[in-house]
Amino acid sequence: MAFLELRSLVKNFDGLRATDNFTLDIAEGSLNALVGPNGCGKSTLFNLITGVLTPDSGEIRFKGQNITRWPPHKIARLGIGRKFQVPAIFEELTVRENLIVAAKNKSQQEIIAEILAQINLTKDPDMLAGELAHGQKQWLEIGMLLAQAPSLILLDEPTAGMTGAETRATADLITRINRERGMTVLVIEHDMGFIEHLACPLHVMSKGQILKSGNFTEIRNDDEVKALYFGQTEAMANA
Amino acid sequence: MNELFPIILDVSSYILILVLVALGLMIVFGMMGVINMAHGELFMIGAYVMVALQDVGLPFWAGILLAPVIVGFLGLLIEAALIRHIYLRPLDTILATWGLSIALKQLVVLTFGPESQSVTLPVDGSLEIGAFSYPLYRLILMASSVLLIGATFWLFTRTDFGLMARAVIARPATAATLGIDTRRMYRWSFVIGTALAGLAGALVAPIISVDPQMGLGYLVPGFLSILVGGAGPLAGVLVGGAVVGGVNNLLAVWISPVAAMITVYVIAILIIRLKPEGIMGGRRAK
Amino acid sequence: MRNNLVALLIFAALAASPLVIGSYWTGQLTAYLVYGLLAISLSLVWGYGGILCFGQAMFFGIGGYIMAVLTKGMILPDLTSSYIGLLAAMAGAALFALALGYFLFAGRGISGAYLAIITLAITLVLERLMNNWYALGGYNGLLNVPPIKLTFFGASFELWDRLPTFYAVLGVVTVVYFGTSLLLKSAYGLKLTASRTHPDRLSSLGYSVLSIRLSVFALSAAIAGLAGAIFVTLDGFASPTLIGFTLSTEVLIWVAIGGKEMLLAAFLGAILTRTAESWLSEIFGNYWILILGLTFMVSVVLLPKGLLATPLEWLTKGKGKRSG
Amino acid sequence: MLDIHKLSAGYGEAMVLHDISCRIDPGQVTALMGRNGMGKTTLLKTIMGLIKARSGQIIFNGAPIEKQPTHLISRAGLGYVPQGREIFSDFTVAENLHLSQLGHNTGAVLPLEKIYDWFPILKERSEQRAGTFSGGQQQILAIARALIGKPSMLLLDEPTEGIQPSIVHEIGLQLRRIARETGLGILIVEQNVDMVRTLAEEVFFMENGAIQERCDIAALRQDDSLLHRYLSV
């Protein structure tokens with residue numbers, strides 16, 4: 001039994017198949033990345049896992065429990081945390097207040113200072129979150145995940161809009177979270193530089209399914225994957 | 001049979017007027033997402049235009065022509081002075097138009113007094129077929145309502161204006177990138193919506209008592225009709241109006257007006273809660 | 001800190017006002033304080049909870065009727081204690097809000113414009129119902145509601161006179177105001193802000209947004225019910241107008257003009273608008289309502305945060321800083 | 001003819017474009033490449049006035065347009081094919097095209113025959129509801145719709161997204177033909193290298209809200225290290 005099991009998930013929107021018999025196992029304590037072109041169904045997949053959407057068919061099991069069709073807050077309580085693509089922070093609250101809301105129990109609230117240090121926001125905990133720079137908002141959202149302390153975290157494009165240096169620092173932070181806190185991580189990304197830095201198993205998604213799984217070099221040199229990104233004729237010419 | 005027939009006609013004429021009022025509301029709501037709480041007052045002003053014209057001695061039919069023009073022009077002013085500034089803040093439009101409705105109501109009280117007024121029937125006769133007899137004006141009223149509803153549907157489904165309007169409803173930003181002036185579309189839709197309210201008010205003026213508080217009695221059922229029918233397709237208004245107006249009038253005859261009003265509101269609330277997209281489906285409002 | 005200081009000054013000024021304004025106005029001000037309490041309840045649910053309720057008077061009315069029925073001894077002739085009446089009014093309004101809130105918010109809940117229309121329709125239904133509920137007086141309402149009877153350690157006296165009544169009401173309002181402010185500054189207040197601005201995000205952190213909404217709806221209803229219960233003891237009668245549409249929209253106007261996102265502004269909005277109405281309706285006559293409607297409209301468009309909230313915020317928070 | 005000078009724009013507090021400057025000559029076909037989230041779509045939307053510019057200038061055919069409303073920008077000669085196509089799926093093909101004619105009633109519009117000549121499939125299915133079209137057909141409709149207003153420049157946002165490879169190539173060739181025939185300038189945001197190589201004459205690479213590099217297509221054909229660097233595939 002894997003930590004998170006996704007079994008034959010199907011989800012349609014107005015005749016468009018967002019996920020198509022999607023199946024994937026995530027082991028406890030692992031770090032995995034999901035890549036794929038726009039519209040391949042990655043964000044839909046996260047919405048299914050977190051209960052924002054319900055699948056048309058298929059099953060989601062987490063820690064051995066069938067969580068398909070559970071409401072989002074119950075899934076969150078079972079230990080799945082999520083970072084949204086557009087930073088979803090409470091802009092009208094301060095940085096510290098955001099972390100307090102995320103931390104549900106006292107022991108987590110005690111480590112807020114520690115989290116602030118980890119996400120590099122020690123200097124302005126009383127600033128309104130809405131006034132942070134874009135990259136800092138992304139970090140604050142990761143900090144909220146740390147405060148929430150789930151056992152599985154889902155990261156949707158955590159480096160969107162970040163500079164190169166910020167991207168590398170984020171990759172390091174995620175690796176540390178995975179190793180030191182033992183949190184299982186599943187990350188969606190476009191930025192292959194970031195993925196390379198993460199050095200983790202990779203799953204390429206296309207048309208709602210896993211097209212290929214492997215490590216960075218294998219994926220990078222795969223012709224089907226190239227075709228997916230570069231266009232068919234080009235890949236064939238190269239091959 | 002002879003008792004049932006007038007009831008059916010009464011119910012139908014109420015439904016038709018309700019649909020006319022709701023149609024104006026829905027054009028504004030569907031196009032701009034604006035909840036116009038002053039719509040009932042625009043309806044009332046339509047009726048008061050008839051009162052004023054009767055006082056100066058102009059013929060009834062001149063009023064029917066003038067009322068939509070005057071109320072439509074008022075709509076144009078309201079759009080330019082008020083709605084334009086807040087149409088991106090839908091909840092604030094509820095409040096601001098509520099303020100407007102209070103002000104309009106009081107303006108009418110100041111001008112015409114708080115007491116109710118009446119407009120004389122332009123056609124006094126009755127249609128009599130055998131034992132069956134029904135006031136002629138009510139039949140004219142129904143025919144004109146059907147015509148107006150038909151014309152509005154034609155405008156929105158068969159003309160260039162309607163094509164543009166439906167495009168602006170579906171994808172406002174994309175319509176703009178095709179060169180369509182969305183602001184102008186909003187403005188004229190608002191004017192059409194208000195003119196319809198004014199015309200509806202003018203048409204019913206002879207068969208009801210015209211008073212400054214009459215707007216609310218049509219506003220809330222109008223909204224409920226839209227939500228019950230579904231704010232997406234235009235046809236939703238017909239269904240919603242039929243449900244709300246029909247149940248209300250039939251129960252009013254069979255039980256009592258109070259029980260009718262309570263029952264119809266409760267039914268409407270239940271439908272809206274259980275089927276937020278309305279009976280006819282379509283998108284849910286923002 | 002400065003926030004509390006300004007509020008304390010305002011409540012101190014209210015406490016001192018009977019010395020200046022005389023007996024008639026003290027009586028008026030007592031009623032305005034109760035309206036202020038109703039405004040606080042609406043500010044809580046609308047400004048902080050993000051639930052635009054077009055029928056806040058229904059809770060006010062329910063509280064009022066419960067108080068009237070109990071203290072008149074219509075249910076249990078031996079149990080006419082004011083304390084029990086007040087508690088029952090709050091509990092009754094809160095329970096009604098819980099049931100209604102569950103109906104409105106559970107599952108694919110209703111929000112925004114739909115909520116406004118539906119709460120408006122519900123309040124119309126309730127008003128019509130009370131008008132025709134003859135056991136509860138129907139259109140005429142219930143007369144001869146006794147004044148509040150305070151009992152301390154066996155000794156008891158009734159609030160007939162203006163001054164004691166005023167101070168008793170002011171005491172209640174002060175406790176509710178500071179209690180609510182305190183609650184809003186706690187973690188509960190943070191959750192409320194979070195559920196208003198980003199409900200999906202909050203549920204992904206493991207909170208049930210439904211229970212947060214229900215709790216604020218019920219709490220607000222309890223405060224409105226308390227206000228209604230006090231109100232019927234001041235006038236001595238409960239009528240369907242308490243539950244209805246007109247009061248619902250009036251309180252909406254006070255709160256919008258004052259500032260829905262600030263308890264103090266909403267509270268003062270009610271008191272100042274009512275005071276202005278008493279004065280200005282004498283000067284302007286029928287034009288006053290016109291002026292009120294236009295003021296409301298203009299303040300929504302130009303000052304969506306409220307006419308009073310803007311200067312108050314400046315006073316309480318200083319420029320550009322956040323007191324937290 | 002399209003001259004962007006120190007343009008900054010973004011959503012709410014977050015700035016996506018930072019002091020971006022570039023120039024596109026009449027009749028030139030330019031591709032804008034870069035990873036997701038780098039501001040390409042934002043740039044097109046800002047040009048079309050769908051996002052208001054925070055600072056900087058956009059000069060089109062000699063006139064500043066950054067403060068104009070979208071419909072006037074469109075009428076000034078900028079055609080726009082948005083990401084995801086955004087056709088009106090409840091309308092027929094003919095209605096979709098007619099709608100675009102209505103938007104340009106002040107100026108001359110392209111006769112429908114010309115459109116049908118370029119894209120025969122639209123004529124065959126003119127009475128069909130656009131929502132029943134495949135992705136590729138919808139894309140053709142979106143392009144045709146933008147061309148009706150006789151734009152002097154066409155902005156295309158990822159036209160190949162979610163479309164079958166065979167149709168991608170076909171669309172690329174047809175656009176090239178139209179550009180040569182009419183002198184139409186094109187600015188295309190694209191990830192599909194095949195499309196870019198078929199169509200573009202020059203490529204801009206965008207990163208972090210600014211244009212980092214430009215090169216002509218011949219250079220790109222020889223050496224794709226730039227592709228690897230900016231697309232990181």
Side-chain angles (χ1 to χ4, degrees), chain A residues 46-47 49-54 70-106 108-109 124-131 137 140-141 143-151 153-154 156, chain C residues 1-3 43-44 46-50 102 105-109 181-216 259-263 304-306 309 313 317-324:
Chain A
F46 273 18
N47 284 333
I49 300 174
T50 51
V52 175
L53 297 174
T54 48
W70 279 27
H73 68 273
K74 282 201 174 162
I75 294 178
R77 282 180 197 167
L78 198 62
I80 297 183
R82 176 193 192 173
K83 192 206 155 308
F84 289 75
Q85 192 169 351
V86 179
I89 52 175
F90 303 115
E91 307 222 328
E92 293 188 11
L93 300 180
T94 66
V95 169
R96 189 197 306 279
E97 287 168 344
N98 266 278
L99 295 174
I100 291 175
V101 171
K104 287 206 73 175
N105 54 45
K106 278 274 177 296
Q108 281 306 115
Q109 290 187 5
D124 23 37
D126 292 319
M127 198 165 149
L128 277 184
E131 288 164 8
K137 286 183 183 170
L140 173 57
E141 214 190 342
M144 287 164 75
L145 280 177
L146 293 178
Q148 188 191 351
S151 44
I153 62 178
L154 307 172
D156 197 346
Chain C
M1 204 49 229
R2 277 177 74 173
N3 199 348
S43 163
L44 177 65
W46 177 24
Y48 291 85
Y102 190 80
F105 308 134
R108 254 189 334 165
S181 317
L182 216 61
L183 182 72
L184 288 171
K185 285 206 184 71
S186 72
Y188 179 75
L190 298 183
K191 277 186 253 171
L192 221 49
T193 308
S195 77
R196 183 182 74 235
T197 53
H198 229 324
D200 297 342
R201 183 69 181 105
L202 194 65
S203 66
S204 84
L205 289 170
Y207 294 96
S208 158
V209 175
L210 174 64
S211 13
I212 295 174
R213 287 206 175 125
L214 284 180
S215 69
V216 72
K260 60 178 184 290
E261 285 149 35
M262 195 177 188
L263 284 185
K305 276 188 172 287
E313 215 156 64
K317 289 175 183 171
K319 274 173 271 180
K321 276 200 177 161
R322 193 168 183 274
S323 61

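Every chain is numbered from 1, with letters handed out A, B, ... down the list of sequences.
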Who among [options] has the most heavy-atom pairs with chain C under 4.5 Å?
| options | result |
| --- | --- |
| A:A102, A:A76, A:G79 | A:A76 |
| A:A88, A:P71, A:G51 | A:A88 |
| A:E141, A:H73, A:M127, A:R77 | A:H73 |

Counting only heavy atoms not in C:Y102, do more than 12 fall under 6.0 Å of its OH?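 Open: at most 12 neighbouring heavy atoms sit under 6.0 Å from OH of C:Y102.
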
Is the shortest heavy-atom distance from the side chain of [X] to the side chain of [Y] under 4.5 Å?
| X | Y | value |
| --- | --- | --- |
| A:V52 | A:F46 | no |
| C:L190 | A:N98 | no |
| A:K83 | A:L154 | no |

With a 4.5 angstrom heavy-atom cut-off, could you sort out which part of [X] is near chain C: side chain, backbone, both or neither?
| X | answer |
| --- | --- |
| A:I89 | backbone |
| A:A103 | backbone |
| A:L78 | neither |

Tell me, please, which residues at least two apart from C:S181 pass side chain to side chain donor-acceptor pair (under 3.5 Å).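 Listed in chain order: nothing, the list is empty.
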
Which atoms of C:T197 approach chain A - backbone, side chain, both or neither, heavy atom under 4.5 Å: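 Contact with chain A is through the side chain of C:T197 alone.
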
Using non-hydrogen atoms and a limit below 4.5 Å, what part of residues 198-207 of chain C faces chain A?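 Checking residues 198-207 of chain C against chain A gives C:H198, C:R201, C:L202, C:S203, C:S204, C:L205, C:G206, C:Y207.
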
C:E261 backbone acceptor or donor facing C:Y48 side chain under 3.5 Å: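 Yes, the answer is positive, given that a donor and an acceptor are paired below the 3.5 Å cut-off.
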
Indicate yes or no for a side-chain donor-acceptor contact from A:R82 to the backbone of A:D156 under 3.5 Å, with no hydrogens or angles considered.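 Answer holds: no.
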
Suppose we screen for salt bridge (charged side-chain N to carboxylate O under 4.0 Å, His left out). Which residues come up paired with A:R96, at least two apart in sequence or across chains?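 By the salt bridge (charged side-chain N to carboxylate O under 4.0 Å, His left out) rule, A:R96 matches A:D126.
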
Tell me every residue that passes ring-ring contact (aromatic ring centres under 6.0 Å, His included) with C:F105, counting only those two or more places apart in sequence or in another chain.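 Checked C:F105 against ring-ring contact (aromatic ring centres under 6.0 Å, His included); matches are C:F217.
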
